[in-house]
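The structure appears below as structure tokens.
Residue indices begin at 1 and follow the sequence shown.
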Amino acid sequence: MTKVHVIMKKEEIVEEKMKGKIAVVFDILLATSTITCALVDGAKAVIPVPNAEEAHVASNLIKAENHILAGEYEGKTIEGFYDPMPTILKDSIQGKYMILSTTNGTVAINQSKKANKIYICSLLNGKAVANTITHFHKDDSIIIVCSGSSDQFCLEDFYGAGHLIYHLQEKMHLQLTDSAKAARLFYESNKSVAETILLSRVGEMLVKYGFINEVKFVSQKDCFEIVPFFDGEKIIAGGECV
């Protein structure tokens, strides 16, 4: 039976406890949604870095014409970087590497490095990730990492975790911790996804700054069959789900 646990925010990650586990990282608004869309839109790979300084280090190792820098810190676009919004990046990333620095999502991905495998998940590809886990990881323990926001719990990531668990339970027998049970129950009692995401603190902030269409876009469920995973250096697409 597959064990599933949900971490509520990246600050709760204990790196040693990630060893031997399968990690699934969520940052619905917006890092993991942006990563999923970037690969769908033809990016060669996404290089997740924890801060702007590391982004510039990575940039120096890649030919200028082959990559773009995208990122935000505390909700503000980093100077000289692309705004890390999926629809804004769509026409700028085909055939290129995207070096991505965000306050929460890319930090959570890097803090999960000791896991055996790290999948990148959003509402847009939740079912695809669930299908891949069902096929390849029936005997593994799954840790779902909600990135949160600057040491705060985020409603939208918790909702995403519940969405993934909902799909996993359709095909697998799961042993859920209380946090995983709570995520599943929260998702099952709030099927109106856009309304739920728009009510979140980060959702309200993005709406205030004029990004309501972006929030609605990443609130769509199971649009893509792409399954991104982090190999320790870059995030690539594993192809269509099985």
Side-chain angles (χ1 to χ4, degrees), residues 4-7 9-28 30-63 66-73 81 84 89 93 95-122 125-126 128-130 132-133 135-137 139-148 157 160-161 164 224 226-242:
V4 181
H5 177 57
V6 176
I7 292 175
K9 53 186 180 179
K10 66 183 185 301
E11 288 79 9
E12 295 179 358
I13 296 171
V14 179
E15 294 187 22
E16 289 301 311
K17 290 186 178 180
M18 301 300 288
K19 288 182 177 179
K21 309 297 195 304
I22 304 302
V24 183
V25 180
F26 280 92
D27 184 0
I28 300 293
L30 280 160
T32 60
S33 299
T34 297
I35 291 166
T36 299
C37 290
L39 294 172
V40 168
D41 292 332
K44 284 185 176 180
V46 177
I47 300 171
V49 294
N51 53 54
E53 291 75 18
E54 292 293 327
H56 287 299
V57 171
S59 178
N60 290 333
L61 299 175
I62 304 175
K63 291 181 180 179
N66 287 343
H67 75 280
I68 65 169
L69 292 167
E72 55 77 24
Y73 182 71
F81 285 47
L89 291 166
I93 57 177
K96 295 182 179 180
Y97 292 92
M98 180 171 72
I99 300 170
L100 180 66
S101 174
T102 67
T103 311
N104 303 294
T106 59
V107 175
I109 292 166
N110 279 282
Q111 288 178 342
S112 302
K113 275 186 175 180
K114 292 191 176 180
N116 281 1
K117 191 91 172 184
I118 304 170
Y119 291 106
I120 309 303
C121 200
S122 65
N125 68 329
V129 173
T132 294
I133 290 172
H135 186 80
F136 292 109
H137 304 293
D139 298 319
D140 292 313
S141 292
I142 313 298
I143 296 183
I144 300 174
V145 178
C146 297
S147 296
D157 293 342
L164 177 66
F224 305 131
I226 199 166
V227 182
F229 68 92
F230 183 44
D231 67 7
E233 295 182 359
K234 61 188 180 301
I235 299 168
I236 57 177
E240 292 189 353
C241 61
V242 292

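In Asp139, the CG atom is not crowded: 12 or fewer heavy atoms of neighbouring residues, nucleotides or ligands sit closer than 6.0 Å. Remark: Tyr97 OH is loosely packed, at most 12 non-hydrogen atoms of other residues, nucleotides or ligands lying under 6.0 Å away.
Rounding to the nearest 0.5 Å places CD1 of Ile118 at 12.0 Å from NZ of Lys114. From Cys146, atom SG reaches atom NZ of Lys9 across 12.0 Å, with rounding to the nearest 0.5 Å. In this structure, CD1 on Ile236 lies 10.5 Å from CD1 on Ile226, to the nearest 0.5 angstrom. The CE atom of Met98 lies 10.5 Å from the CG atom of Leu69; values are rounded to the nearest 0.5 Å. Note that OG1 of Thr106 and CD1 of Ile35 are 7.5 Å apart. Values are rounded to the nearest 0.5 Å.
Considering every non-hydrogen atom in both Leu39 and Ala45, the closest pair reads CD2-CA, 4.0 Å. The heavy-atom pair separating Lys10 from Gln111 by the smallest distance is O-OE1, 3.3 Å. In this structure, Ala128 and Val227 approach most closely via the heavy-atom pair O-CG2, 3.7 Å. Ile28 and Gly160 get closest at one heavy-atom pair: CD1-CA, 4.4 Å.
Asn116 and Lys21 share no side-chain donor-acceptor pair at under 3.5 Å.
Qualifying side-chain hydrogen bond (donor to acceptor under 3.5 Å, both in side chains) partners for Ser147, counting only residues two or more places apart in sequence or in other chains: none. By the side-chain contact (heavy atoms from CB on, under 4.5 Å) test, Ala31 pairs with Asp27, Thr102, sequence neighbours left out. Partners of Lys96 according to the side-chain hydrogen bond (donor to acceptor under 3.5 Å, both in side chains) rule, which considers only residues two or more places apart in sequence or in another chain, do not exist here. Residues passing the side-chain hydrogen bond (donor to acceptor under 3.5 Å, both in side chains) test with Asn125, sequence neighbours excluded: Ser122. In this view, Lys63 satisfies the side-chain hydrogen bond (donor to acceptor under 3.5 Å, both in side chains) rule with no residue, not counting sequence neighbours.
A side-chain donor-acceptor contact under 3.5 Å links Glu72 to the backbone of Thr103. Of the possible donor and acceptor atoms, none in the side chain of Thr32 sits under 3.5 Å from a partner among the backbone N and O of Phe26. With hydrogens and angles ignored, the 3.5 Å screen pairs no side-chain donor or acceptor of Lys17 with any backbone N or O of Ile13.
Pairs engaging residues 50-62 under the side chain to side chain donor-acceptor pair (under 3.5 Å) rule: Ser59-His67 [sequence neighbours left out].
Using a 4.5 Å heavy-atom cutoff, the side chains of Leu89 and Ile68 are in contact.
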Hey, mind stepping through Tyr119 and Thr132 against side-chain contact (heavy atoms from CB on, under 4.5 Å) and telling me if it holds? CA-CA 10 Å; Tyr119 291 106; Thr132 294; 3.6 Å; yes

For salt bridge (charged side-chain N to carboxylate O under 4.0 Å, His left out), just list the numbers for Lys113 and Glu15, CA-CA rounded to whole Å, side-chain angles, deciding distance to a tenth of an Å, and then say yes or no. CA-CA 8 Å; Lys113 275 186 175 180; Glu15 294 187 22; over 6 Å; no

Show your working on side-chain contact (heavy atoms from CB on, under 4.5 Å) between Ile47 and Ile62 and close with a plain yes or no. CA-CA 11 Å; Ile47 300 171; Ile62 304 175; 3.5 Å; yes

